[in-house]
> 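Below is a structure I'd like to ask you about.
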Amino acid sequence: MNTGLQLYNTLSRKKELFQPLNAPNVGMYVCGPTVYSDVHLGNCRTFISFDLIFRYLKYAGYKVRYVRNITDAGHLEGDRDEGDDKFAKRAKLEQLEPMEIVQKYTLGFHDVLRMFNTQPPSIEPTATGHIIEQIEMIKVIMANGYGYEVDGNVYFDVEKYSKEYNYTILTNRNLEDMLNNTRELGGQDEKRGRLDFALWIKAKPETLMQWQSPWGMGFPGWHIECSAMSAKYLGAEFDIHGGGMDLAATHHTNEIAQSEACSHKQPARYWMHTNMLTVNGTRMSKSAGNGFLPLELFTGDHPLLKKGYSPMTVKFFMLQAHYRSTLDFSNDALDASEKGFRRLMSAIGLLDKLSVSEQNDFDIDALKEKCINAMNDDFNSPILVAELFEAVRIINTVYDGKGKISAEELEKLKQLINDFVFDILGLKDEDAGSNDLNGVLDMVINLRTEAKANKDYATSDRIRIGLQELGIQLKDGKEGTTWSKA
């Protein structure tokens, strides 16, 4: 088992040696989407990043239980328990039942992640499927003195909690500054403190999604679902909790408070957060008009895009930046990633065409060690990608006859590519399933071979040049003609 993994912990604000509570078992909870609209690229980056982490932990020898929730109830428009319910608002706009909205956008979310070739989590619980667990956790929080009811609404008492625990442990913010920057409670506000948040919300008569509780008909607050579901499936204490950095200040801060108020234990040992997306240096957002959906990126159907990019190109682009770094979208950056991805896949396509030798010029074990070191350094995918292009250089050198590789080292190289490109990065050759193309090219190559045998060099050259113009490069060798993408 790999025991040298270092990861950045938002709690301590530094890299730490990863030491699971119950190795080789690892529990990982990641906040999933709120399924009231199409999944956006920021979400996709988070889930691609944690897919990478999930894959590498398994490669390192751990048995991972990966839990990623679906928020399908209880998420109001504002973080201060105000505004309309997101599902009810969308349901009115589309003239559908709220659960039709949930079904529509959950399916869409899964479709997009399949395009990115991410693996499904071990468990994908929904908020509506765990109402009982949320109610039971609220009851314990109230029994422990950290919650209070006002006319069917239940709130978390942040001031009471802060006397015994560090409410801002995740963000290291000053509690007094937070209070000063929070508006005064209005006369109609039922909360005792300005930072208090809802555990349970009283439903209006017209509310479609509501459940019976000890406090009357209502629905859970946004934060309680993750505390309840992570505890159910991973225990009161588990290893990794992840999500986008935008969740740290409110959602994850309140999750920690709820969990500690219930079990008196810090829920996760390591908190990990992905960074934001920008477009041409400006933060991506709908209001700025520079936000585009994954399908718009794939088709190029957006004013800021000059063309579409394949899902694997986009994924490769994301993996070329560290998950904690800002990722800036631009046509030039995507073009560069497209070329890089094609170069990687073209080289991999040559692996089975390489000739082995008694001599060997390459140390694949040393290259593998560099790849592992990159991933052990807080899942540093851009360094891993750079090391993989050393593998590309080796493949091309051998294919061009400028270097020699032994059968043993070639097998190691093939295993390295399979492990790090396909199993860990989760990339795939989008043209790999094109058996028709392989058949057509084999036929064309045979026609060219016949033309050469008949000394019809004009036809032979015409075929070679025509294929080259289409991006197909031919190479004549002792064992026949092979092809690769240029």
Side-chain angles (χ1 to χ4, degrees), residues 6-16 18 28-32 34 42-43 45-46 49-50 53 69 71 75-82 141 146-147 155-185 191 193-199 221-227 230-231 236-278 283-285 322-327 378-379:
Q6 299 265 342
L7 56 80
Y8 184 87
N9 191 352
T10 307
L11 271 178
S12 62
R13 285 162 283 282
K14 64 181 181 182
K15 289 181 187 177
E16 298 179 9
F18 180 56
M28 181 170 74
Y29 187 95
V30 175
C31 288
T34 301
N43 284 146
R45 188 200 185 182
T46 294
S49 296
F50 282 100
I53 292 166
N69 71 300
T71 297
H75 199 160
L76 302 183
E77 290 181 296
D79 285 339
R80 287 183 46 79
D81 311 317
E82 58 195 11
I141 291 171
Y146 299 104
Y155 299 103
F156 188 91
D157 192 333
V158 173
E159 183 178 356
K160 171 76 179 295
Y161 170 82
S162 297
K163 290 178 181 178
E164 301 171 47
Y165 299 96
N166 182 359
Y167 179 64
T168 63
I169 188 171
L170 191 62
T171 58
N172 202 30
R173 292 181 299 173
N174 183 286
L175 190 61
E176 291 301 318
D177 289 342
M178 288 178 64
L179 287 167
N180 292 335
N181 291 330
T182 306
R183 64 174 173 80
E184 293 286 346
L185 294 174
K191 300 175 187 176
R194 281 178 280 175
L195 295 177
D196 293 357
F197 57 89
L199 299 170
W222 172 33
H223 314 297
I224 192 68
E225 66 174 278
C226 289
S227 292
S230 63
E237 293 180 280
F238 55 95
D239 298 302
I240 298 172
H241 195 310
M245 66 179 297
D246 57 312
L247 299 177
T250 302
H251 183 53
H252 289 167
T253 290
N254 290 343
E255 269 193 70
I256 292 173
Q258 292 167 156
S259 297
E260 284 190 321
C262 186
S263 68
H264 306 292
K265 296 176 181 178
Q266 166 68 245
R269 299 187 71 182
Y270 305 92
W271 287 78
M272 302 179 68
H273 294 92
T274 56
N275 211 324
M276 71 178 73
L277 301 182
T278 58
R283 183 170 183 174
M284 181 183 289
S285 69
H322 191 266
Y323 75 90
R324 287 192 292 112
S325 301
T326 301
L327 180 63
D378 194 27
F379 310 100

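Source: prediction; values computed, not measured.
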> Which atom pair, heavy atoms only, marks the closest approach of Lys265 to Ala236?
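Taking Lys265 first and Ala236 second, the nearest heavy atoms are CD-CB, 4.2 Å.
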> Using a 4.5 Å cut-off on heavy atoms from C-beta on, say whether the side chain of Lys15 contacts that of Asn9.
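When only atoms from C-beta onward are counted, Lys15 and Asn9 do not touch, as no gap falls below 4.5 Å.
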> Do the side-chain N and O atoms of Thr274 and Thr46 include a donor-acceptor pair separated by under 3.5 angstrom?
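A pair is found: one side chain offers a donor N or O, the other an acceptor, under 3.5 Å apart.
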> For a quick test of reading the model, state the closest non-hydrogen atom pair linking Ala268 to Ile240 and the distance between them.
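Taking every non-hydrogen atom into account, CB-C, 4.4 Å.
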> Which residues pass the side-chain contact (heavy atoms from CB on, under 4.5 Å) test with Gln266, not counting sequence neighbours?
Leu11, Ile169, Ile256, Glu260, Trp271
> What orientation do His251 and His223 show, parallel under 30°, tilted 30 to 60°, or perpendicular over 60°?
tilted
> Contact between Leu327 and Arg45 at the side-chain level, heavy atoms closer than 4.5 Å - yes or no?
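Yes, their side chains come closer than 4.5 Å.
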> Run the numbers on Tyr270 and His241 for ring pair (Phe, Tyr, Trp, His ring centres under 6.0 Å), then give the verdict.
CA-CA 6 Å; Tyr270 305 92; His241 195 310; over 10 Å; no
> How many angstroms lie between atom CE of Met178 and atom OG1 of Thr253, to the nearest 0.5 angstrom?
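Met178 atom CE to Thr253 atom OG1 measures 6.5 Å (nearest 0.5 Å).
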> Looking at Tyr155 versus Phe197, is the centre-to-centre ring distance below 6.0 Å?
no
> Spell out, as yes or no, whether a donor-acceptor pair under 3.5 Å connects the side chain of Arg13 to the backbone of Leu170.
yes
> Distance check, rounded to the nearest 0.5 Å: Ser227 atom OG versus Leu199 atom CG?
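Separation between the atoms: 9.0 Å.
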> Would Arg269 pass as a cation-pi partner of Phe238, given that its NZ or CZ must be under 6.0 Å from the six-membered ring centre and within 45 degrees of the axis?
no
> Determine the minimum heavy-atom distance between Glu159 and Asp196, stating which atoms define it.
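Smallest heavy-atom distance, with atoms named: N-OD1, 4.3 Å.
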> Go through the steps for Met284 and Thr278 under the test side-chain contact (heavy atoms from CB on, under 4.5 Å), then give the verdict.
CA-CA 5 Å; Met284 181 183 289; Thr278 58; 6.0 Å; no
> Would you check if there is a donor-acceptor pair between the side chains of Tyr323 and His273 at a distance under 3.5 Å?
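No, no side-chain donor-acceptor pair sits under 3.5 Å.
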> What's the spacing between Gln6 CD and Asp378 CG if we round to 0.5 Å?
9.0 Å
> Report, as yes or no, whether the 6.0 Å neighbourhood of atom CZ on Arg283 holds more than 12 heavy atoms from other residues, nucleotides or ligands.
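Not more than 12 within 6.0 Å, no.
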> Working to the nearest 0.5 Å, report the span between OG of Ser162 and CG of Asp157.
8.5 Å
> Of the non-hydrogen atoms in Asn69 and Gly32, which two are nearest, and what is the gap between them?
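It is OD1-N, 2.7 Å.
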> Which value, rounded to the nearest 0.5 Å, describes the distance between Thr168 atom OG1 and Arg173 atom CZ?
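Spacing of OG1 (Thr168) from CZ (Arg173) equals 7.5 Å.
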> Measuring from Ser259:OG to Ile141:CD1, what's the distance to the nearest 0.5 Å?
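Ser259 atom OG to Ile141 atom CD1 measures 7.5 Å (nearest 0.5 Å).
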> Where do His264 and Tyr165 come nearest, in terms of heavy atoms and distance?
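Shortest heavy-atom separation between His264 and Tyr165 comes out as ND1-OH, 2.8 Å.
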> Identify the heavy atoms of Ala261 and Phe156 that sit nearest to each other, and give their distance.
CB-CE1, 3.6 Å
> Given the rule in the side-chain contact (heavy atoms from CB on, under 4.5 Å) test, do Leu247 and Glu255 qualify, once you have shown the distances and angles that lead to the verdict?
CA-CA 10 Å; Leu247 299 177; Glu255 269 193 70; over 6 Å; no
> State whether the number of non-hydrogen atoms from other residues, nucleotides or ligands found under 6.0 Å of Glu164 atom CD is greater than 12.
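Yes, the 6.0 Å shell around CD holds more than 12 heavy atoms from other groups.
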> Does Ile53 reach the side chain of Met28, with side-chain heavy atoms less than 4.5 Å apart?
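The answer is yes, as the side chains (C-beta and beyond) meet within the 4.5 Å cut-off.
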> Go through Met272 and Thr10 one step at a time and tell me if the side-chain contact (heavy atoms from CB on, under 4.5 Å) criterion holds.
CA-CA 6 Å; Met272 302 179 68; Thr10 307; 5.6 Å; no
